[in-house]
Student: 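Before we start, here is the structure in question, set down as structure tokens.
The shown structure was predicted, so the numbers you read here are calculated from the model rather than taken from an experiment. Scope of the values below: all heavy atoms of this structure, side chains included, with no hydrogens, waters or symmetry mates.
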Amino acid sequence: MTGLDLTGRTAIVTGASRGIGLAVAEAIAAAGGNVVLTSRSQDSADAAAAQVGGTAIGVAAHAVDEDAARRCIDLTLERFGSVDILVNNAGTNPAFGPVIDQDHARFAKTFDVNLWAPVLWTGLATKAWMGEHGGAVVNTASVGGMAFEANIGVYNASKAALIHLTKQLALELSPKVRVNAVAPGVVRTKLAEALWKEHEQTVSASTALGRIGEPEDVASAVAFLVSDAASWITGETLVIDGGQVLGDVLPFRQGVQLGV
């Protein structure tokens, strides 16, 4: 599909030093795009860019630091001449436990990084380039934003808000800028370790497609959404979870084995 070719386009991927962000950067680069990877430290950003190779560069920019975000976008325009793609991937989850047990600092940090940062970067990228020339934005949400789970209620609330905001921005920025989101299930990342590391076999067994996700599973979907192959898609949230939101598959398989 020629529509998946990103040659000549430039992407900024926030929170790209590892996990899903790094895999997204690699997928965009593999499709021919230039990639700017952000991380909180220059060393980690540089290391990630070196792993991607090609024209990729790393930029130190905390997701909620407006001055750093402006510098990153200015540098991207100076180096590559455009900002065609923005992947708002940076995320955090310091608020673990019941919602009413969280303090304001943890709540604010979660919403600042998971919700305000996508607003900040999307606004800056739109005003600097996309609003006039067009572009594609993808937000990294979560299936948690569509459900309810013990101990990560604040995180899930921030992702539910991001799903809603994706639709809002898709309307506000149309027709020049497409805005979509991906909603990963349990993926093998450091951020999600508490959900899989000690019980991966159990999680995999209860998932319809028989395994937890890999960062590359999400990355390929993001590469599709920012490409011309998705040119008539906006305001959507693509669930990438191996069927986890469908529920536990084990009773169905046991039923088949029993001839039920």
Student: What's the separation between atom CZ in R70 and atom CG in D65, rounded to the nearest 0.5 Å?
Tutor: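 Going from CZ on R70 over to CG on D65, the span is 11.0 Å.
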
Student: Working note: D103 + R106, criterion salt bridge (Lys or Arg N to Asp or Glu O under 4.0 Å); need CA distance, chi angles, decisive distance, verdict.
Tutor: CA-CA 6 Å; D103 58 31; R106 289 186 178 90; 2.8 Å; yes

Student: Is it true that a side-chain atom of D228 and a backbone atom of S231 form a donor plus acceptor pair closer than 3.5 Å?
Tutor: no

Student: Hey, does W121 have a side-chain heavy atom less than 4.5 Å from the side chain of V87?
Tutor: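 No - every pair of side-chain heavy atoms lies 4.5 Å or more apart.
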
Student: Check the hydrophobic clustering (I, L, V, M, F, W, Y; side-chain heavy atoms under 4.5 Å; chains of links allowed) and say if F111 and Y155 are grouped together.
Tutor: no

Student: Please report the closest heavy-atom contact between T237 and M146, naming both atoms and the distance.
Tutor: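 Reported closest heavy-atom pair: CG2-CE, 3.7 Å.
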
Student: Please answer whether the main-chain N or O of L225 pairs with a side-chain N or O of R178 as donor and acceptor at a distance below 3.5 Å.
Tutor: yes

Student: Do V226 and M130 land in one hydrophobic cluster if side-chain heavy atoms of ILVMFWY residues count as linked below 4.5 Å?
Tutor: no

Student: State, yes or no, whether a side-chain contact exists between V137 and N88 at a heavy-atom distance under 4.5 Å.
Tutor: yes

Student: Strictly distance-based, threshold 3.5 Å: is any side-chain N or O of N114 a donor or acceptor partner for the main-chain N or O of T92?
Tutor: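 Pair found, side chain donor or acceptor close to backbone of T92.
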
Student: When you measure from the side chain of E214 to the backbone N and O of R188, does any donor-acceptor pair fall under 3.5 Å?
Tutor: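 Checking the backbone N and O of R188 against the side chain of E214, no donor-acceptor pair under 3.5 Å is found.
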
Student: Within a strict 4.5 Å, meaning less than it, do heavy atoms of the L22 and Q51 side chains meet?
Tutor: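 Heavy-atom side-chain distance check passes, below 4.5 Å.
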
Student: Could you go through S204 and T207, starting from their C-alpha distance and side-chain angles, then the distance that decides it, and tell me whether this counts as side chain to side chain donor-acceptor pair (under 3.5 Å)?
Tutor: CA-CA 5 Å; S204 297; T207 299; 5.9 Å; no

Student: If you round to the nearest 0.5 Å, how far is OG1 of T234 from CG of L171?
Tutor: 8.0 Å

Student: To check you understand the geometry: which heavy-atom pair defines the closest contact between Q42 and A60, and what is its length?
Tutor: OE1-N, 3.1 Å

Student: Quick one: do L165 and F107 end up in the same hydrophobic cluster if we chain Ile, Leu, Val, Met, Phe, Trp and Tyr together by side-chain heavy atoms under 4.5 Å apart?
Tutor: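 Yes; F107 is reachable from L165 via cluster members.
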
Student: For side-chain contact (heavy atoms from CB on, under 4.5 Å), just list the numbers for W129 and D84, CA-CA rounded to whole Å, side-chain angles, deciding distance to a tenth of an Å, and then say yes or no.
Tutor: CA-CA 8 Å; W129 179 265; D84 309 288; 3.5 Å; yes

Student: Indicate the atoms forming the closest heavy-atom contact of I240 with A221, along with that distance.
Tutor: CD1-CB, 3.3 Å

Student: Mind listing the closest non-hydrogen atom pair of L250 and S206 along with its distance?
Tutor: CG-CA, 4.2 Å

Student: Stepwise, does the side-chain contact (heavy atoms from CB on, under 4.5 Å) test hold for D74 with E78?
Tutor: CA-CA 6 Å; D74 289 345; E78 180 182 340; over 6 Å; no

Student: Within a strict 4.5 Å, meaning less than it, do heavy atoms of the F80 and T55 side chains meet?
Tutor: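 Of all side-chain heavy-atom pairs linking T55 with F80, at least one is under 4.5 Å.
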
Student: What is the distance from atom OG of S142 to atom CD of E149, rounded to the nearest 0.5 Å?
Tutor: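 If we round to the nearest 0.5 Å, S142:OG and E149:CD are 7.0 Å apart.
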
Student: Which atoms form the tightest heavy-atom contact between A128 and I73, and what is the distance?
Tutor: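 The pair with the smallest heavy-atom distance is CB-CG2, 3.8 Å.
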
Student: What distance separates L77 CG from T10 OG1, expressed to the nearest 0.5 Å?
Tutor: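 So the gap between those two atoms works out to 8.5 Å.
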
Student: Compare all side-chain heavy atoms of V35 with those of V24 and state whether any distance is below 4.5 angstrom.
Tutor: no

Student: Look at the side chain of T126 and the backbone N and O of G123, then say whether any donor-acceptor pair between them is shorter than 3.5 Å.
Tutor: no

Student: Does I57 form a side-chain contact (heavy atoms from CB on, under 4.5 Å) with L37? I'd like the steps, not just the answer.
Tutor: CA-CA 6 Å; I57 62 171; L37 300 84; over 6 Å; no

Student: Short question: side chain of K176, backbone of E132 - any donor-acceptor pair under 3.5 Å?
Tutor: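 Present.
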
Student: So P94 and T110, do their side chains get closer than 4.5 Å, heavy atoms only?
Tutor: yes

Student: Is it true that a side-chain atom of Q244 and a backbone atom of V186 form a donor plus acceptor pair closer than 3.5 Å?
Tutor: yes

Student: Does a donor on one side chain sit under 3.5 Å from an acceptor on the other, for S44 and S17?
Tutor: no

Student: What I'd like to find out is whether the side chain of L173 reaches to under 4.5 Å of the side chain of T122, using heavy atoms alone.
Tutor: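 Yes. Closest side-chain heavy atoms under 4.5 Å.
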
Student: One pair to check against side chain to side chain donor-acceptor pair (under 3.5 Å): T14 and N89. What are the steps and the verdict?
Tutor: CA-CA 5 Å; T14 68; N89 175 72; 5.7 Å; no

Student: With side chain to side chain donor-acceptor pair (under 3.5 Å) as the criterion, how do D5 and T7 come out once you've worked through the C-alpha distance, each side chain's angles and the decisive distance to 0.1 Å?
Tutor: CA-CA 6 Å; D5 184 6; T7 300; 2.6 Å; yes

Student: Do the side chains of R211 and D217 get close enough for a salt bridge, i.e. N-O under 4.0 angstrom?
Tutor: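 Yes, charged N to carboxylate O under 4.0 Å.
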
Student: Would a single hydrophobic cluster contain both V179 and V138, if residues Ile, Leu, Val, Met, Phe, Trp and Tyr are joined by side-chain heavy-atom contacts under 4.5 Å?
Tutor: no

Student: What distance separates N156 CG from F148 CZ, expressed to the nearest 0.5 Å?
Tutor: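 N156 atom CG to F148 atom CZ measures 9.0 Å (nearest 0.5 Å).
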
Student: Considering all heavy atoms of both residues, which atom of V36 and which atom of V59 are nearest to each other, and what is their separation?
Tutor: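 Heavy atoms of V36 and V59 come nearest at CG1-CG2, 3.7 Å.
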
Student: Can you list the steps and then say if V143 with V239 is a side-chain contact (heavy atoms from CB on, under 4.5 Å)?
Tutor: CA-CA 7 Å; V143 293; V239 174; 3.7 Å; yes

Student: Tell me, do C72 and I12 make a side-chain contact under 4.5 Å, heavy atoms counted?
Tutor: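 C72 vs I12: side chains touch.
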
Student: In terms of side-chain geometry, is the basic nitrogen of K109 or D112 positioned less than 4.0 Å from the acidic oxygen of its partner?
Tutor: no

Student: Once you round to the nearest 0.5 Å, how far does CG of L162 lie from NZ of K159?
Tutor: 6.0 Å

Student: Would you confirm whether N180, through its side chain, and E236, through its main-chain N or O, come within 3.5 Å as a donor-acceptor pair?
Tutor: yes

Student: Starting from L86, can I reach V13 by hopping between I/L/V/M/F/W/Y residues whose side chains sit under 4.5 Å apart?
Tutor: no

Student: Report the C-alpha distance between T166 and N139 in whole Å, list the side-chain angles of each, state the deciding distance to 0.1 Å, and finish with yes or no for side chain to side chain donor-acceptor pair (under 3.5 Å).
Tutor: CA-CA 7 Å; T166 296; N139 299 319; 3.0 Å; yes

